[in-house]
Amino acid sequence: VEIAYRLGVSCVGIIFIVMAAMGYGRALLRTNDRIIMVAAAMFLFLPSPWLNVLGLLVGAWHMKIRQNASEGSAASSG
């Protein structure tokens with residue numbers, strides 16, 4: 001169970017880092033968005049479970065905010 005947990009959390013961390021490096025994750029990411037995603041990913045690589053949860057929550061919350069912002073700007077321009 002511990003191995004599966006660590007593997008899952010690490011995979012999500014890698015996804016967050018890739019999104020930050022590419023500058024896109026369901027919406028275009030600005031520099032400060034990229035910094036937030038890298039910070040969330042770093043929390044996922046630490047051994048503490050509560051920091052892993054914090055990283056997951058921050059990353060998912062930020063992705064949702066960026067997606068809502070991009071949908072709002074697309075709806076107002078189209």
Side-chain angles (χ1 to χ4, degrees):
V1 174
E2 178 67 25
I3 293 172
Y5 167 76
R6 184 57 38 209
L7 179 64
V9 169
S10 296
C11 286
V12 173
I14 291 168
I15 290 169
F16 285 174
I17 288 176
V18 168
M19 288 170 42
M22 290 178 54
Y24 186 81
R26 304 188 119 199
L28 291 175
L29 298 176
R30 299 173 302 215
T31 302
N32 59 342
D33 299 324
R34 290 177 176 201
I35 292 169
I36 291 170
M37 293 306 287
V38 168
M42 291 300 115
F43 282 138
L44 296 175
F45 292 118
L46 296 174
S48 175
W50 69 271
L51 286 175
N52 296 157
V53 170
L54 179 64
L56 286 170
L57 290 175
V58 168
W61 171 75
H62 194 68
M63 283 176 45
K64 184 67 176 167
I65 285 177
R66 293 302 308 147
Q67 182 180 5
N68 289 345
S70 73
E71 287 174 358
S73 64
S76 64
S77 67

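Predicted model only: the values in this text are computed from it and were never measured.
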Checklist entry - Sequence neighbours excluded, which residues qualify as side chain to side chain donor-acceptor pair (under 3.5 Å) partners of Ser48? => result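 Listed in chain order: Trp50.
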Checklist entry - Tyr24: what forms a side-chain contact (heavy atoms from CB on, under 4.5 Å) with it, not counting sequence neighbours? => result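 In terms of side-chain contact (heavy atoms from CB on, under 4.5 Å), with neighbours along the sequence ignored, Tyr24 is linked to Leu28.
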[X], [Y]: one ILVMFWY side-chain cluster at the under-4.5 Å cut-off?
| X | Y | value |
| --- | --- | --- |
| Ile36 | Leu51 | yes |
| Ile17 | Ile14 | yes |
| Phe16 | Ile35 | no |

Checklist entry - Taking C-beta and beyond as the side chain, do Met63 and Val58 meet within less than 4.5 Å on heavy atoms? => result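 Contact flag for Met63/Val58 side chains = no.
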Next on the checklist: For Met19 versus Leu29, what's the shortest heavy-atom pair and its separation?
Outcome noted: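 That would be O-CD1, 3.5 Å.
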Next on the checklist: Tell me the closest heavy-atom pair linking Arg66 and Arg30, and the distance in Å.
Outcome noted: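 In terms of heavy atoms, the two residues are closest at NH1-NH2, 3.6 Å.
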Side-chain donor-acceptor pairs under 3.5 Å in residues 37-47, sequence neighbours left out?
none

Checklist entry - Quick one: OG on Ser10 to CG on Asn52, what's the gap to the nearest 0.5 Å? => result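 Going from OG on Ser10 over to CG on Asn52, the span is 8.0 Å.
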